[in-house]
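Structure first, commentary second.
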Amino acid sequence: MVDISTSIGPLQLKNPTMLASGIMDEDAGSMQRMIDCGAGAIVTKSIGLKPREGYANPTVIELDHGILNAMGLPNPGIELHGDEIKKLRATNVPIIGSIYGADANEFVSLAQKMQQFGANAIELNVSCPHAKHYGLEVGCDPDLLQKIVSSVKQHVSLPVFVKVSPNIMNLAEIVQSIEEAGADAIVAINTVKAMKINLETARPVLANKTGGYSGKAIKPIGVRCVYDIAQAVDLPIIGVGGITTGEDAIEYFMAGASAVQIGSAVYYRGPEVFKSVCDEIKTWMKNHRYTKITELIGAAFR
Amino acid sequence: MNQPIITTILSSFEEATDIKTITFRYPGKITPGQFYMIWIPGVDEVPMSVSSIKQDVKGITFRNIGDATQALYRLRKGDQIGVRGPYGNGFTLTGKRPLFVGGGTGIGMLAPLVEQARRKKLKSTVILGVKTKDELFFEDRFQQIGATVLVSTDDGSVGYQGFASELAKDIIKKERIDAVYTCGPEQMMRSLLSFCKTILFQASLERYMKCAIGICGQCCIGRGLRVCVDGPIFDGTTLKKVQDFGVYRRDAAGRKIPF
């Protein structure tokens, strides 16, 4: 009998496939559909203090081996999004509130609100590669990051996950400072900063010019980051980046991830991707005589 | 591949006050009711349902109403736009005695569907609902293909004075209509649905869109129905369960805006 339940610190998941932030998670109805489709946990869109429209279109395009986006952190603000999270209180699938801010105070206010609205954990977005003053601009400064994480931990009782970027050279140093500050898990990776130029018009296609690359092409980058993080810290890791099949998820487990997040594959395989990936994980484990996810976690370096 | 292909505008024609049709070369199939994402480089990218299909030449019909459509309105023959798609599900023409109800610019995207119905020799009635006479377009186009055309205006400047949905209510009974296809203001379509208890109903919905490939969640209605992929055409059975229908849309930030 194969058991694919997993845990991330204190958080129990019936299966290891989580919905990644920014995909089908602007309102309660969308998140509910992803739960119906079998997601083991839901990460909300990244929410800030105030409503934000994001960038003009084009915000998303598909490239040969992945998807390029610069949404610009659009969100209705924490108060309005709270109404959506409250509607999901009856579900038994964990809801993880993703938040972004420019400093520790903003992150603390947002985390407190998320806790109040009924979120089961917090994910700090310190890695969005295309938003001025936010995301990656916060996440590559170890001192600022440490202050944010420790302040949030002091003010909320929920588990705190920190989503990191592959676009930094000092990844080990960054995750160690996140661990020292008391975070409960690392989420890796956010999108890879990238650009697409249209030849006929000689201009970048995205309105914001640069964006974040996701999907199949970035899986090896994500696997490498998870592996490196697993060597640097003792925290649970949630792997994300290009996971489209059960075997992709298993590769991330072997690199050290305890769970995975799925985003672009909702495009490649439809909302049913969560159930499909779970079935594929089970089949692979059965064929290779594994019974628990824990037997796979970190198998590549044990 | 879901990225804009640059094409050249072949014609730009003013159909009525502030309403234009532009055509461009874009090979490939498209079903009535499906849409393209139209990129105006340096301005915006917006969803536009197809309003004319002539082999490799496709057309869109729109009102000059925002930044993107104003920019499109100003473009001339020879100017470049980017096109990706087609997207969405499109209409499914079923039933033997269809009624088509277009409100405002919603009239435009019904045209290829009415043409399809006439090619199948279906007796077709089209109701064109506009605010006033100056906004009326495609009346000739529908008449030329042999559809019965009825016009309603809010101010009574031409045709029936009142809402298109009220006019439709009478026609549905009198003409023994067995299927209604509509595109227009959502409150109009919602009241139309209330008159279609037992007959087939398909409506084209419009929402602010970003990705158009079913991942960003911007255009979702109800329990995660993506207007860009699961729509933009929804049937009556589905829409009766969607609380947002005719009630609110969401803006670029995700805030709910009542109709």
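Numbers restart at 1 for each chain; the letters A, B, ... are given by sequence-line order, proteins then strands. Side chains included, hydrogens not; waters and symmetry mates left out as well; all remaining heavy atoms used. Please read all numbers here as calculations on a predicted model, not as lab measurements.
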Acceptor/donor pairs from residues 116-123 of chain A side chains to any protein atom, 3.5 angstrom cut, sequence neighbours excluded:
residue, atom, partner, partner atom, Å
A/N120, OD1, A/I95, N, 2.8
A/E123, OE1, A/Q261, NE2, 3.0

Given A/N198 and B/I6, is the side-chain contact (heavy atoms from CB on, under 4.5 Å) satisfied, shown in steps?
-> CA-CA 9 Å; A/N198 176 276; B/I6 300 300; 3.5 Å; yes
Give the intermediate values and the outcome of side-chain contact (heavy atoms from CB on, under 4.5 Å) for residues B/R255 and A/H81.
-> CA-CA 9 Å; B/R255 287 169 292 206; A/H81 200 261; over 6 Å; no
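Your options are A/M31, A/E200, A/Q32, A/E84, and the one with the most heavy-atom pairs under 4.5 Å with chain B is A/Q32. Here B/I213 is the residue among B/D251, B/V229, B/I213 with the most heavy-atom pairs under 4.5 Å with chain A. Put simply, of A/G77, A/P271, A/G72, the one with the most heavy-atom pairs under 4.5 Å next to chain B is A/P271. Most heavy-atom pairs under 4.5 Å with chain B: of the set A/D25, A/L68, A/T59, this distinction falls to A/T59. With chain A as the partner, the residue from B/A212, B/C220, B/A68, B/G82 showing the most heavy-atom pairs under 4.5 Å is B/C220. For the set B/R250, B/R223, B/K256, B/Q243, the count of heavy-atom pairs under 4.5 angstrom toward chain A peaks at B/R223. Interface remark: of the candidates A/D36, A/L80, A/D64, A/D36 forms the most heavy-atom pairs closer than 4.5 Å to chain B.
Other residues, nucleotides and ligands place more than 12 heavy atoms under 6.0 Å from the CZ atom of A/R89. Within a 6.0 Å sphere centred on NZ of A/K87, other residues, nucleotides and ligands contribute more than 12 heavy atoms. The environment of NZ in A/K209 is sparse: at most 12 heavy-atom neighbours from other residues, nucleotides or ligands sit within 6.0 Å.
Interface remark: B/R226 contributes backbone and side-chain atoms alike to the contact with chain A (heavy atom separation under 4.5 Å). In this structure, chain B has a heavy atom under 4.5 Å from the side chain of A/I67, while its backbone stays farther away. At a 4.5 Å heavy-atom cutoff, the contact between B/Q80 and chain A is made by side-chain atoms alone.
For residues 235-259 of chain B, no pair satisfies ring pair (Phe, Tyr, Trp, His ring centres under 6.0 Å), with sequence neighbours left out. A side chain to side chain donor-acceptor pair (under 3.5 Å) check over residues 201-217 of chain B, counting only residues at least two apart or in different chains, returns the pairs B/E186-B/R207, B/K210-B/Q218.
Between A/I61 and B/P4, the shortest heavy-atom distance links the atoms CG2-CD, 4.0 Å. Closest approach of A/P51 and B/A253 over heavy atoms only: CB-CB, 4.4 Å.
For A/N69 (side chain) and B/C211 (main-chain N/O), no donor-acceptor pair under 3.5 Å exists by modelled atom type. A side-chain donor-acceptor contact under 3.5 Å links B/Q3 to the backbone of A/E62.
How far CD1 of B/I221 is from OG of A/S30: 10.5 Å, rounded to the nearest 0.5 Å.
Using a cutoff of 4.0 Å between basic side-chain nitrogens and carboxylate oxygens, A/R33 and B/D230 are scored as salt-bridged.
Residues of residues 39-50 of chain B that come closer than 4.5 Å to chain A, counting heavy atoms only, are B/W39, B/P41, B/G42, B/V43, B/D44, B/E45, ordered by residue number.
At least one side-chain heavy atom of B/C216 sits less than 4.5 Å from a side-chain heavy atom of A/M71.
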